[in-house]
A.B. asks: 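Dropping a structure here in structure tokens format, bear with me for questions.
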Amino acid sequence: MTDARADQYACTESVLDITPDAAVVSNLGVASYVLASVSDSERARNFYQWGSMGVTTAVGLGLAISTDEPVTVLDGDGSLLMSLGTLTTVARYDPDNLTVVVWANDVYGTTGGQSLQASQTDFAGIAENSGLDAVTVRNTEAFADAYRDATESASVTVIVCHVDPVDPDARPPFDFPYIARRARDSLSTDTM
Amino acid sequence: MTWSKDAAEALADAGVDLIAYLPDSKMDALIDEVVDDSRFETVLVSREEEAIGVLVGAWVGGDRGALLCQSSGLANTFNAIGSLSVPARVPFLGAVTRRGNLGEFNIAQVPAGYNMDKLLDDVGVRNSVVTDSEDLRETVALAGETAFSTQSPYVVLLEQTVTGRKSEATE
Ligand SMILES: Cc1ncc(C[n+]2csc(CCOP(=O)(O)OP(=O)(O)O)c2C)c(N)n1
Ligand SMILES: [Mg+2]
């Protein structure tokens with residue numbers, strides 16, 4: 001049963017159901033396209049990324065330090081692999097409002113599904129050995145349970161969710177400054 | 001006042017809340033100032049590119065961010081600056097110890113360090129070079145003012161004539 005895989009759309013919907021007020025920082029490409037597929041287009045707290053592969057979790061860390069609202073990162077396995085040191089940084093500050101989800105589809109999905117060639121890499125093990133709580137899940141129900149627990153936990157949990165690769169049609173707004181400003185306006189009191 | 005005290009006051013003048021940093025021997029004095037200063041939240045990163053992410057997140061959360069690192073570290077941030085800070089119009093204030101110019105002994109610091117002002121121009125980040133410690137506080141404070149009001153990053157490059165020079169070349 002170890003090759004069972006969760007559905008990224010259903011899991012992303014669970015994120016929005018379980019934490020409707022969370023600021024969600026989504027990795028460039030597929031993670032953002034799926035979030036755009038399942039979100040109301042007016043959802044201001046989706047901070048979609050259009051670039052900066054490898055920096056998605058760091059954006060979530062800075063946001064979690066600066067707001068009291070819940071913050072969820074939806075990262076990609078390729079993006080996380082590019083910046084494993086970020087897990088050490090996250091563990092160092094361990095903001096209680098941050099949850100990190102990694103969509104482990106084993107591919108660079110956005111650029112055509114090329115293999116990560118990292119089947120021997122245990123992302124949850126790396127997160128744990130960086131000082132974080134971590135869990136690996138392989139189906140949608142297990143994801144929802146793990147996500148609920150993670151958001152209730154006082155320390156950061158990394159949820160490595162094995163998913164089938166998907167190729168959504170939906171796109172976030174192309175107006176990148178608008179995405180950032182809209183998220184900021186919905187979260188911040190200092191609007192300067 | 002020492003250059004590092006001047007710089008810490010300038011960061012406070014600019015309304016900076018959160019400082020992301022990675023050490024450098026010259027920057028160490030300023031990092032020591034800000035880490036112990038309750039006006040600032042400080043985040044040590046493992047790679048400078050992460051700092052850009054942290055500062056962007058902080059801005060979206062309502063805070064003003066600054067980056068302290070060496071010019072080689074700033075070179076590590078270029079994709080994040082070019083594909084996030086600049087196109088999403090998210091500001092940060094950079095105070096960067098510039099290597100590779102007058103007094104440099106290490107050739108590995110030259111290509112990115114000496115050319116850092118031009119590299120920043122090309123990626124669309126305004127910048128100033130401070131060579132005289134007399135100018136430091138005002139330059140950093142004004143850089144912060146324009147970064148946060150125009151919502152675009154601004155980097156101040158601090159020459160070794162401000163931060164002090166390494167003496168390896170003569171040893
Ligand atoms: C620094 C950088 N390298 C490469 C790319 C090209 N690229 C864009 S998305 C992507 C794949 C991202 O993979 P992953 O994080 O696993 O997300 P997925 O697409 O699988 O959801 C790549 C390689 C890029 N945009 N930036
Ligand atoms: Mg992937």
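Protein chains get the first letters and strands the later ones, always in sequence-line order, with residue 1 at the start of each.
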A.B. asks: Any side-chain to backbone donor/acceptor pair from Ser83(B) onto Gly51(A)? Under 3.5 Å, distance only.
C.D. replies: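 No, the answer is negative, given that no donor and acceptor are paired below the 3.5 Å cut-off.
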
A.B. asks: In terms of heavy-atom contacts, does CD of Glu9(B) have more than 12 from other residues, nucleotides or ligands at under 6.0 Å?
C.D. replies: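 Atom CD in Glu9(B) is packed in, count exceeds 12.
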
A.B. asks: Please determine whether residues Phe123(A) and Val107(A) belong to a single hydrophobic cluster, defined as Ile, Leu, Val, Met, Phe, Trp and Tyr linked transitively by side-chain heavy-atom distances below 4.5 Å.
C.D. replies: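 No, no single cluster joins them.
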
A.B. asks: State the OG1-CG distance between Thr89(A) and Leu22(B), to the nearest 0.5 angstrom.
C.D. replies: 9.0 Å

A.B. asks: Tell me, for Glu41(B) versus chain A, whether the close heavy atoms (under 4.5 Å) come from the side chain, the backbone, both or neither.
C.D. replies: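 Contact with chain A: side chain only.
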
A.B. asks: Could you look at Thr42(B) and say if it's the side chain, the backbone, both or neither that has a heavy atom under 4.5 Å from chain A?
C.D. replies: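 Just its backbone gets close to chain A.
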
A.B. asks: Looking at Asp68(A), I want to see if its CG is surrounded by more than 12 non-hydrogen atoms of other residues, nucleotides or ligands under 6.0 Å.
C.D. replies: no

A.B. asks: Which one wins on heavy-atom pair count under 4.5 Å against chain A: Ala51(B), Gly57(B), Ala20(B)?
C.D. replies: Gly57(B)

A.B. asks: Within a radius of less than 6.0 Å around OH of Tyr114(B), do more than 12 heavy atoms belonging to other residues, nucleotides or ligands occur?
C.D. replies: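 No - once you tally the heavy atoms of other residues, nucleotides and ligands closer than 6.0 Å, there are 12 at most.
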
A.B. asks: Give a yes or no on whether Asp164(A) atom CG has more than 12 heavy-atom contacts from other residues, nucleotides or ligands under 6.0 Å away.
C.D. replies: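 Count over threshold, so yes.
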
A.B. asks: Examine Phe174(A) and Phe176(A) and state if one hydrophobic cluster contains both, with Ile, Leu, Val, Met, Phe, Trp and Tyr joined whenever side-chain heavy atoms are less than 4.5 Å apart.
C.D. replies: yes

A.B. asks: Looking only at atom types and distance, does a side-chain atom of Arg92(A) sit under 3.5 Å from a main-chain N or O of Leu44(B), one as donor and one as acceptor?
C.D. replies: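 Between the backbone of Leu44(B) and the side chain of Arg92(A) there is a qualifying donor-acceptor contact (under 3.5 Å).
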
A.B. asks: Answer yes or no: does atom CD of Gln114(A) have more than 12 heavy-atom neighbours from other residues, nucleotides or ligands under 6.0 Å?
C.D. replies: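 Yes, enclosed.
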
A.B. asks: Does CG in Asp132(B) sit with more than 12 non-hydrogen atoms of other residues, nucleotides or ligands closer than 6.0 Å?
C.D. replies: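 Above 12, so yes.
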
A.B. asks: Leu67(B), Leu142(B): one ILVMFWY side-chain cluster at the under-4.5 Å cut-off?
C.D. replies: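 Cluster IDs for Leu67(B) and Leu142(B) differ.
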
A.B. asks: Would you mind checking which part of Leu61(A) comes under 4.5 Å of any heavy atom in chain B, side chain (CB onward), backbone (N, CA, C, O), both or neither?
C.D. replies: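 Only the side chain of Leu61(A) comes within 4.5 Å of chain B.
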
A.B. asks: So for Gln49(A), is it side chain, backbone, both, or neither that comes closer than 4.5 Å to the heavy atoms of chain B?
C.D. replies: side chain

A.B. asks: Would you give the length of the straight line joining atom CZ of Arg184(A) to atom CG of Asp63(B), rounded to the nearest 0.5 angstrom?
C.D. replies: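 Taking CZ in Arg184(A) and CG in Asp63(B), the distance rounds to 8.5 Å.
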
A.B. asks: Taking all non-hydrogen atoms of both residues, which atom of Ala80(B) and which atom of Ser52(A) are closest, and how far apart?
C.D. replies: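 Minimum heavy-atom separation between Ala80(B) and Ser52(A): CA-CB, 4.3 Å.
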
A.B. asks: What heavy-atom pair brings Val60(B) and Leu63(A) nearest, and what distance separates the two atoms?
C.D. replies: C-CD1, 3.9 Å

A.B. asks: With clusters defined by side-chain heavy atoms of hydrophobic residues (ILVMFWY) lying less than 4.5 Å apart, directly or transitively, does Val35(B) cluster with Val54(B)?
C.D. replies: yes

A.B. asks: Membership question, hydrophobic clusters at under 4.5 Å side-chain separation (ILVMFWY): are Tyr93(A) and Leu68(B) in the same one?
C.D. replies: yes

A.B. asks: Which atom pair, heavy atoms only, marks the closest approach of Ser46(B) to Thr86(A)?
C.D. replies: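 Smallest interatomic distance, heavy atoms only, reads OG-N, 3.8 Å.
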
A.B. asks: Please answer whether the main-chain N or O of Ala58(A) pairs with a side-chain N or O of Glu50(B) as donor and acceptor at a distance below 3.5 Å.
C.D. replies: no

A.B. asks: Taking side chain as C-beta onward, heavy atoms only, is Ser66(A) less than 4.5 Å from Leu18(B)?
C.D. replies: yes

A.B. asks: Given the options Gly60(A), Ser83(A), Gly62(A), which has more heavy-atom pairs under 4.5 Å with chain B than any of the others?
C.D. replies: Gly62(A)

A.B. asks: Heavy-atom distance under 4.5 Å between the side chains of Val56(B) and Val55(A), does that happen here?
C.D. replies: no

A.B. asks: Does any backbone or side-chain atom of Val43(B) lie under 4.5 Å from a heavy atom of chain A? Answer side chain, backbone, both or neither.
C.D. replies: both

A.B. asks: Which atoms form the tightest heavy-atom contact between Glu49(B) and Met53(A), and what is the distance?
C.D. replies: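 Glu49(B) and Met53(A) have their closest heavy atoms at OE2-O, 4.2 Å.
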
